[in-house]
Amino acid sequence: MSKIIGAFFLVLLLVVLIVFKNYGFTLTQSLILSIFITAASFLFYQFVLKRRITVKIVVLFSAGFFLGLYLAKGITLSLYSLFSAFPYLQEIIFLTLPYLFGFLAVEVGRKRPLSEIFKDEAPLYCSVKVVDTSALIDGRVYEIAKIGFIEGKIVIPRFVLEELQTLADSTDPMVRTKGKKGLEIVSKLKTLEKPPVEIYERDFPWIRDVDAKLVELSKRLGAKLITTDYNLNKVASIKGIEILNINDLANALKPVVAVGEELVVFLVKEGKEKNQGVGYLDDGTMVVVDNAKHLIGHKVKVLVNNILQTSAGKIIFGRLKEVVK
């Protein structure tokens, strides 16, 4: 449907080009055609830009469109000699000014400051991370950031802080605890030198839902969204936002094997302790087997007793079950 509306919009643009290129049309005819163009613009606004059309938007766009139309005519008349030398410049002005003023009137009329409309919302760094309420309450984002697994810049929106404050002021003890924990994690994150943490002050007052605000902010900054919220994860993914889900990260870091499981390993050397044999899994994980020194050079089945996770990697300890022939 949006492609059909877009095609219709382009066809009407060609009509306007023809109308404004010829001065033989009366003011009434130009006005009627402009009304058709305005209607097409509203369709474009609603179906392509996905924004709901209201009476206020119709009035604002109409006012801005006709203001831009008369400004285009005034510029053409005042700079007649210039446009006679560059006729295509005249066409560009007639095509762009009415729509520019129309959409500008809508944006300004929706109580958005001019500084926000013209401000460049390109990513602040190569990779910005926006943190949502659920990730702050979860708390693991601090540990991940502390050890350097989050690069770029961490952005915490002001409206997320306000939501945490609302939770912290709740009469429900469990909700209040969650809010306070989230605020504590914010304080801890701000103490980190790397990655830098910024409190993003700008709000989106025309958007009420916090999740929708997070999606809009991530889109504007070209940022990735850190969350543990399943529903926000799905919605943001549909909107094209890249998600860093802490729960997914935790699942990815779960051990390949667990205590009590069996595995087969080829012993290649002796261990540090007496009678230990050492082998390696395909991913390089070291497996230390008790009472297996005499089986170096053989493949054995091992019952896992313990798994030790260190900064150097993971070490699996087990006891010999049988030799694999």
Side-chain angles (χ1 to χ4, degrees), residues 45-46 48-54 56-57 60-61 64 100-138 141-142 145 150-169 179 182-229 231-233 235-246:
Y45 197 88
Q46 182 170 8
V48 179
L49 299 184
K50 305 295 184 183
R51 293 183 180 176
R52 188 169 60 90
I53 301 299
T54 62
K56 182 179 180 181
I57 287 179
L60 288 171
F61 187 89
L100 175 63
F101 275 82
F103 287 113
L104 187 62
V106 172
E107 297 302 319
V108 174
R110 295 170 72 212
K111 298 182 179 179
R112 295 179 64 185
L114 287 173
S115 59
E116 181 174 327
I117 296 172
F118 293 108
K119 184 174 181 179
D120 183 13
E121 293 286 2
L124 304 176
Y125 284 76
C126 60
S127 182
V128 180
K129 312 295 188 302
V130 175
V131 185
D132 83 330
T133 309
S134 66
L136 292 171
I137 293 175
D138 177 88
V141 64
Y142 169 71
I150 300 179
E151 47 80 33
K153 171 178 279 193
I154 294 177
V155 170
I156 303 174
R158 174 64 63 183
F159 52 81
V160 167
L161 293 181
E162 292 173 354
E163 185 179 36
L164 288 173
Q165 187 62 56
T166 301
L167 296 177
D169 293 337
L183 292 173
E184 289 174 1
I185 295 299
V186 173
S187 299
K188 287 183 177 181
L189 286 171
K190 291 180 68 176
T191 62
L192 298 176
E193 293 185 4
K194 291 183 179 181
V197 178
E198 176 184 321
I199 304 300
Y200 194 84
E201 298 292 343
R202 184 173 303 165
D203 198 356
F204 307 100
W206 62 94
I207 302 176
R208 294 185 178 181
D209 183 65
V210 174
D211 286 355
K213 290 184 178 185
L214 285 165
V215 171
E216 179 68 17
L217 177 59
S218 300
K219 187 183 300 182
R220 285 171 176 261
L221 297 180
K224 298 178 181 179
L225 181 58
I226 300 178
T227 183
T228 60
D229 189 321
N231 292 326
L232 177 58
N233 191 334
V235 172
S237 298
I238 293 173
K239 297 286 186 179
I241 305 301
E242 190 170 350
I243 300 297
L244 298 178
N245 192 315
I246 296 177

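All values below were derived from every heavy atom in this structure, side-chain atoms included, with hydrogens, water molecules and symmetry-related copies excluded. Bear in mind the structure is a predicted one, so any value in this text is a computation, not a measurement.
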Scan R208, R158, K213 and name whichever one has a salt bridge (Lys or Arg N to Asp or Glu O under 4.0 Å) with D203. K213
Any donor-acceptor pair under 3.5 Å linking the side chain of K153 with the backbone of P195? no
So, are K188 and E184 salt-bridged, with charged N and O less than 4.0 Å apart? no
Side-chain donor/acceptor of S134 to backbone N/O of T228, under 3.5 Å: yes
With rounding to the nearest 0.5 Å, note down the distance linking CD1 in I226 to CD1 in I150. 4.0 Å
Are V160 and L214 side-chain neighbours, meaning at least one heavy-atom pair lies under 4.5 Å? yes
With rounding to the nearest 0.5 angstrom, report the CG to CG distance, D211 to N233. 11.0 Å
Would you compute the distance between atom CG of D229 and atom CD1 of I246 and round it to the nearest 0.5 angstrom? 12.0 Å
CG (D132) and CD1 (I137) are apart, to the nearest 0.5 Å, by 8.5 Å
CG of L161 to OH of Y200, rounded to nearest 0.5 Å, is 14.0 Å
Pair K194 + E151: basic N to acidic O under 4.0 Å: no
Do you know the tightest heavy-atom contact between T227 and I243? CG2-CG2, 3.8 Å
Between V141 and A135, what is the shortest heavy-atom contact and its length? CG1-O, 3.7 Å
First locate atom NZ of K190, then atom CG of L192, and finally report the distance between them rounded to the nearest 0.5 Å. 12.0 Å
Test log, rule side chain to side chain contact (heavy atoms under 4.5 Å, CB included), inputs V235 and I241: CA-CA 9 Å; V235 172; I241 305 301; over 6 Å; no
Least distance between heavy atoms, L217 atom then P157 atom: CD2-CG, 3.5 Å
